[in-house]
There are 2 protein chains.
Amino acid sequence: MSNDNIQQLVNRYVDVSFSVTKKAEALITEQLGSNLTHDQLYIIRYINRVGSCTSTALAEEFEVKKSAITAIINRLWEKGFIQRTRDEKDRRVVYLTLTEKGEELFWKIDKRIQQLVEGIISQFEPSEIEQFIKTFEKLNHALIEQRDKK
Amino acid sequence: MSNDNIQQLVNRYVDVSFSVTKKAEALITEQLGSNLTHDQLYIIRYINRVGSCTSTALAEEFEVKKSAITAIINRLWEKGFIQRTRDEKDRRVVYLTLTEKGEELFWKIDKRIQQLVEGIISQFEPSEIEQFIKTFEKLNHALIEQRDKK
DNA sequence: TTTAACTATTCAACAATTTAACTATAAGGA
DNA sequence: TCCTTATAGTTAAATTGTTGAATAGTTAAA
């Protein structure tokens with residue numbers, strides 16, 4: 001493939017990826033009110049999915065330092081969305097879980113997102129969506145290999 | 001499509017999109033050294049492409065307030081990567097362009113990104129890439145319609 | 001000419017991030 | 001057991017990006 005072609009593909013990809021992320025987040029912001037930032041929502045979404053996790057796990061998952069997680073968790077804790085529970089066996093470990101208030105907020109937002117997606121997803125064939133996500137996941141693996149290569 | 005299916009697709013999409021962006025930016029960070037942040041690179045990349053633009057145009061393109069652009073441009077200006085030129089016809093307007101130093105930096109980074117992408121893109125059929133980006137662009141348009149709907 | 005609109009900047013406040021230092025706890029070897 | 005090392009999490013300072021409100025300077029319109 002020529003350099004120009006690669007250049008063009010990179011440009012198209014970066015543009016559309018940037019734009020889609022921005023627009024999706026903007027749509028979600030309307031649903032959020034001013035309760036949460038995007039990063040806070042991503043964290044809550046993750047904790048909801050796994051049920052309970054540690055700061056270290058979050059830091060690895062989101063590829064940031066643990067101190068960045070502490071800061072976000074502190075803000076969510078102040079708002080009453082997250083609980084900290086110390087492990088009795090290994091008292092260094094702190095388990096993070098959603099409070100009832102946190103779960104309620106998440107489900108409320110998630111339902112709205114679901115409705116949003118319904119209106120958009122109907123414009124795509126299921127096979128197109130499946131192929132799209134598959135290629136995306138393949139790209140993800142390629143990036144992981146590239147990273148671990150050396 | 002059932003709610004569970006939508007839920008699953010949203011999860012897969014959010015996860016893979018988040019992960020790909022993070023990993024691509026991590027790979028690029030190695031090329032960047034500590035010269036630029038990602039946002040600064042995106043801005044420089046845009047100005048390089050259009051040649052010259054205003055703060056207002058950047059704010060619209062990146063969907064942030066103009067004061068956020070001023071802050072980023074100030075930092076790039078301090079580093080000597082960007083020039084400000086006042087329009088003589090309409091003296092409210094300031095045109096932003098890359099300095100020679102800014103252009104050199106961009107081409108250097110861009111070349112490295114090109115090489116990175118070459119190593120990854122070879123694992124995909126051209127038709128698969130084309131279809132992937134097309135679906136992505138279609139998603140972008142669907143989001144724009146959704147936003148403008150009401 | 002006065003008023004309204006527009007372009008860009010400044011400032012204060014906040015969120016996210018990194019780096020480095022620190023506390024507390026656990027695990028392992030002499 | 002005691003000393004060392006490793007691990008989990010937090011704190012603090014500095015940087016970056018962001019919004020919202022106020023402002024200065026300029027242009028357009030009533």
* Euclidean distance, atom CD of residue A:Glu63 to atom P of C:dT18 [Å, nearest integer] -> 10 Å
* Using whole Å, report how far CD1 of B:Ile72 lies from P of C:dT10. => 15 Å
* Structure fact -> The Watson-Crick or G-U wobble partner of D:dA30, with both key distances under 3.5 Å, is C:dT1
* So, B:Phe62 versus B:Tyr42, ring centres under 6.0 angstrom or not? -> no
* Parallel, tilted or perpendicular: ring planes of B:Phe136 versus A:Phe132, cut at 30 and 60 degrees -> perpendicular
* Structure fact -> Side-chain contact check for A:Lys66: nearest option of C:dA8, D:dA8, C:dT9 is D:dA8
* **Per B:Thr37 side chain, nearest of listed nucleotides D:dG9, D:dT18, D:dT16** => D:dT16
Measure all distances between protein nitrogen or oxygen atoms and nitrogen or oxygen atoms of nucleotides 26-30 of chain D, and list the pairs falling under 3.5 Å.
{"unit_1": "D:dT26", "atom_1": "O3'", "unit_2": "B:Arg91", "atom_2": "N", "d": "3.4"}
{"unit_1": "D:dT27", "atom_1": "OP1", "unit_2": "B:Lys89", "atom_2": "O", "d": "3.0"}
{"unit_1": "D:dT27", "atom_1": "OP1", "unit_2": "B:Arg91", "atom_2": "N", "d": "3.0"}

* Atom-to-atom span, NE2 of B:His38 to C1' of C:dA16 - whole angstrom -> 13 Å
* Kindly say whether, by distance alone, the side chain of B:Ser67 makes a donor-acceptor pair under 3.5 Å with the base of D:dT18? => no
* Structure fact -> By the Watson-Crick or G-U definition, both distances under 3.5 Å, D:dA8 is matched with C:dT23
* Asked: Under a 4.5 Å cut-off applied to non-hydrogen side-chain atoms, are A:Ile47 and A:Phe81 in contact?
  -> no
* Considering only C:dA16, C:dA8, D:dG9, which nucleotide approaches the side chain of A:Ser55 most closely? -> D:dG9
* Is a salt bridge present between B:Arg12 and A:Glu130, judged by a nitrogen-to-oxygen distance below 4.0 Å? -> yes
* Touch class at under 4.0 angstrom, heavy-atom based, for B:Lys65 against every strand present -> sugar-phosphate
* Check the distance between C:dA15's C1' and A:Leu41's CG and give it to me in whole angstrom. => 15 Å
* To do: Starting from C1' on D:dG9, measure out to CH2 on A:Trp77 and report it in whole angstrom.
  => 15 Å
* To do: Answer with base, sugar-phosphate or nothing: what part of the nucleic acid does A:Thr70 contact at a heavy-atom distance below 4.0 Å?
  => base
* Asked: Would you call B:Asp15 and A:Arg49 a salt bridge, using N to O less than 4.0 angstrom?
  -> yes
* Asked: Strictly by modelled atom types, are A:Thr135 and A:Gln131 linked by a side-chain donor-acceptor pair under 3.5 Å?
  -> yes
* Verify same cluster id: B:Trp77, B:Val64 (apolar side-chain graph, 4.5 Å) -> no
* For B:Ile69, report the nucleic acid contact type (base, sugar-phosphate, nothing); a contact means any heavy atom under 4.0 Å. => nothing
* Asked: Roughly, in whole Å, what's the span from CZ in A:Phe62 to P in C:dA15?
  -> 18 Å
* Output the single nucleotide from D:dT18, C:dA15, D:dG9 whose closest atom is nearest the side chain of A:Arg75. => C:dA15
* **Distance below 4.0 Å between B:Asn74 side-chain N/O and D:dG17 OP1 or OP2** => no
* To do: Identify which nucleotide among D:dT16, D:dA8, C:dT18 has an atom closest to any side-chain atom of B:Gln40, counting heavy atoms from C-beta outward.
  => D:dT16
* To do: Round to the nearest Å and state the distance from B:Glu60 atom CD to C:dC6 atom P.
  => 12 Å
* **Whichever of A:Lys79 and B:Cys53 has its nearest DNA chain C nucleotide further upstream toward 5'** => B:Cys53
* **Salt bridge present between A:Arg91 and A:Glu88 (N-O < 4.0 angstrom)** => yes
* Asked: Roughly, in whole Å, what's the span from CG in B:Leu36 to P in C:dT18?
  -> 17 Å
